[in-house]
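Taking it in order: structure first as structure tokens, then the write-up.
This chain uses plain numbering: 1 for the first residue, then up along the sequence. Scope of the values below: all heavy atoms of this structure, side chains included, with no hydrogens, waters or symmetry mates.
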Amino acid sequence: MAAPSLLNWRRVSSFTGPVPRARHGHRAVAIRELMIIFGGGNEGIADELHVYNTVTNQWFLPAVRGDIPPGCAAHGFVCDGTRILVFGGMVEYGRYSNELYELQASRWLWKKVKPQPPPSGLPPCPRLGHSFSLYGNKCYLFAGLANESEDSNNNVPRYLNDFYELELQHGSGVVGWSVPATKGTVPSPRESHTAVIYCKRDSGSPKMYVFGGMCGARLDDLWQLDLETMSWSKPETKGTVPLPRSLHTASVIGNKMYIFGGWVPHKGENTENSPHDCEWRCTSSFSYLNLDTAEWTTLVSDSQEDKKNSRPRPRAGHCAVAIALRLILLWSGRTLSKKPLTAGCCRTCWYFSLEKPPAPSQVQLIKATTNSFHVKWDEVPTVEGYLLQLNTDLTHQAASPDASAAPNTLGGRTDPHRQGSNSILHNSVSDPANCTKPEHTAVAARGMSLKSKPDSRAADSSVALHSPLAPNTSNNNSCMADMLWKSEVDEICALPATKISRVEAHAAATPFSKETPSNPVAILKAEQWCDVGIFKNNTALVSQFYLLPKGKQSMSKVGNADVPDYSLLKKQDLVPGTVYKFRVAAINGCGIGPFSKLSEFKTCIPGFPGAPSTVRISKNVEGIHLSWEPPTSPSGNILEYSAYLAIRTAQVQDNPSQLVFMRIYCGLKTSCIVTAGQLANAHIDYTSRPAIVFRISAKNEKGYGPATQVRWLQGNSKKAPLS
């Protein structure tokens, strides 16, 4: 992983939901895309639990129940799957805790747990500023600050360097404390330090790394504890060691420990000769330690000024969590520059991208018309937007809409539409001139779609719907059917396309003429990719794209994801009956990530019927009952319907993306019975959730239009359907 640049910091500028009040001394953990915050203080100790969704930028207060713990600050806070453990901390000024609570985040249920004391010795005393680290089924408690006085108003601090091990039960509950016998020199007493656990992939020996803290003065020492041999050591490091500090954060991402912020001695103070800090200040310095090579690297030095406010302010007592490839910082505590406690707490949230985002999934089709596509792709967590591009060779124009040749197969070489035929058709062969192949299909699966592998002429494009689509009133040549799903057919919805660019994707439909297109057609080289635009969400309505300037193969800057000035570029409308390739890439602070695999879709040809709609599937004694509604845009009289079932063959087993279909119905009725015998031969598609795949298409005077594809979910069983 390359060293990140200084430009990777991003401030989250807008939230929704109840935002927590500013604080310091709080703690945070991550569960998937959620950051969960508890405790902290600023004019009183906070006792509420806050949750922040890093994908939607939304805060919420879960309705917790059970043995709700009192508010605390500078406590231990670790996450094991979906359960969270809280230990110790300050519950009020001068009064510290040694109680242990467990939160089941899947149910937001708190429970006070009472671990067994060590076989010999006492359990941990009440404390704050300790480290509490999880590895496997054990938590490791080290050091902290205790109050020697029984009077909470008379605080007599005692720095600790004791070490405890807490064994956890699987799923819920704890076993008890133990005091492992360690070897080597034990680190000096301290509090407000950090401790992380890292295990090299090849060595298999987990090690705990303790850095910094304070014991009258700030510390900059690094200690290592081998958790298998329980041996303490002080590793020799290379590079510039960060300044002595406390109340900083340490986060492990990959093989690096990232250190941010904290209290550091004031400039000019001689920390070697002074046993105690006279003055201190917050810092925004940022470094990491490569845990494999023991080398420090400075990303932001302590003396580096930030006149443009392009990174977080100096802070201490903040929290930091790692989510995906981002380091999230929130509500850093005090922001003062000297010892008198006159500063407040900031309330800002920043994140730091460590590398470019991964490639999104293939672009999927929601809806196609004669001159537009509604497309989507799976979300990539913690990104700022998506770059959508298309590619086409417009020298291959659409076939004449008046083509008189009789349609061939729905993706096959023979004519399966002859009455009584039981022909088999394959995914990989098509007849784009007559729109007889289901270039645009609707897939009923929750958030997933059937993967397609396009051939050289046209693609079998699956569609996942991510919100109810309104009926198409602006274009009568729609190539997609709105779906109504019963219990056997999972439901999906479609999201509106929201952009962060100046793309105009909602142009009116363009009439098509076989003599000349309505707009001059630009001739593009086969491998030139043109921007459709940069989109904030994972859907887009595509009716135009931006033409490349002469001599350029691409227009988007990759360096820091700068948005091109689309107002200076010419736009080109989509053309009916034309195949377009699509790809999409995610964008974060490090730039544009790799592109997705290619998808290929074809705009509709005027005159052919749209896809059947409102598909229903229900069980009966004979098998299942399959019904549908006529196309909303028949473009003439419907002469017949055909329904197809994906079947098991050796070809499908060798290449699951190439489905083979058998026609199971041909006639004027808008329903049919699929027998148990036919279903016994059905192919179970596992490209997303297990499902049986049907296709239904309509025919008018010009031929067959696109098919509606339906995935009938089968649960997780690989057995024959309807068992």
Side-chain angles (χ1 to χ4, degrees), residues 364-366 410-411 416 422 424-427 438 440-452 460-466 468-469 480-494 611-629 631 641-649 652-653 656-667 669-698 706-723:
Q364 304 160 19
L365 187 67
I366 294 175
L410 183 67
N422 198 31
I424 293 177
L425 57 104
H426 298 263
N427 239 6
H440 315 295
T441 60
V443 178
R446 189 178 303 278
M448 300 294 291
S449 71
L450 179 67
K451 295 180 181 177
S452 61
D460 175 21
S461 309
S462 299
V463 180
L465 306 180
H466 272 261
L469 286 171
M480 197 283 294
D482 295 338
M483 313 299 289
L484 175 65
W485 317 116
K486 288 293 186 181
S487 60
E488 293 88 352
V489 183
D490 210 0
E491 176 182 88
I492 5 209
C493 311
S613 63
T614 318
V615 179
R616 296 179 177 90
I617 300 175
S618 59
K619 295 180 182 179
N620 62 18
V621 293
E622 300 178 63
I624 65 168
H625 182 260
L626 187 65
S627 65
W628 56 90
E629 296 293 335
Y641 297 95
S642 285
Y644 296 87
L645 169 68
I647 60 173
R648 290 196 299 268
T649 66
V652 175
Q653 291 176 355
S657 65
Q658 296 293 322
L659 300 181
V660 174
F661 286 81
M662 179 180 71
R663 196 178 68 168
I664 54 176
Y665 171 77
C666 181
K669 290 184 178 180
T670 56
S671 65
C672 68
I673 298 294
V674 186
T675 66
Q678 291 171 322
L679 289 170
N681 195 36
H683 166 70
I684 305 295
D685 175 53
Y686 287 92
T687 53
S688 55
R689 297 173 66 183
I692 294 175
V693 182
F694 296 96
R695 286 180 179 171
I696 308 163
S697 60
T708 296
Q709 179 165 295
V710 178
R711 302 182 75 253
W712 183 35
L713 298 183
Q714 298 295 299
N716 296 321
S717 174
K718 293 191 177 184
K719 298 179 181 179
L722 295 177
S723 56

**OP:** Starting at CD of Glu629, measure out to OG of Ser613 and round the result to the nearest 0.5 Å.
**Re:** 6.0 Å
Subject >> Heavy-atom pair with the smallest gap, counting every atom of Ser642 and Tyr644 >> reply: CB-CE1, 3.4 Å
Subject >> Separation between CD of Gln678 and CD1 of Ile673, rounded to the nearest 0.5 Å >> reply: 10.0 Å
Subject >> Euclidean distance, Leu679 CG relative to Leu645 CG, rounded to 0.5 Å >> reply: 6.5 Å
Original post:
Hey, does the side chain of Thr614 reach the backbone of Trp628 with a donor-acceptor pair shorter than 3.5 angstrom?
Top reply: no
Original post:
Considering the options Ile692, Leu659, Val660, which one meets the side chain to side chain contact (heavy atoms under 4.5 Å, CB included) requirement together with His683?
Top reply: Leu659
Original post:
Quick one: does Arg648's side chain have a donor or acceptor within less than 3.5 Å of a partner on Ala680's backbone?
Top reply: yes
Subject >> From Trp712 atom CH2 to Ile684 atom CD1, the distance as rounded to the nearest 0.5 Å >> reply: 8.5 Å
Original post:
Sequence neighbours excluded, which residues qualify as salt bridge (charged side-chain N to carboxylate O under 4.0 Å, His left out) partners of Glu622?
Top reply: none
Subject >> Minimum heavy-atom distance between Cys672 and Ala643, given as atom pair plus value >> reply: SG-CB, 4.4 Å
**OP:** Answer yes or no: is there a side-chain heavy-atom contact under 4.5 Å between Leu626 and Phe694?
**Re:** yes
Original post:
At their closest point, which heavy atom of Arg695 faces which heavy atom of Ala707, and how far apart are they?
Top reply: CB-CB, 4.1 Å
Subject >> Distance, nearest 0.5 Å, that separates OH of Tyr641 from NZ of Lys669 >> reply: 13.5 Å
Original post:
What is the minimum heavy-atom distance between Ser671 and His625, and which atoms define it?
Top reply: CB-NE2, 3.6 Å
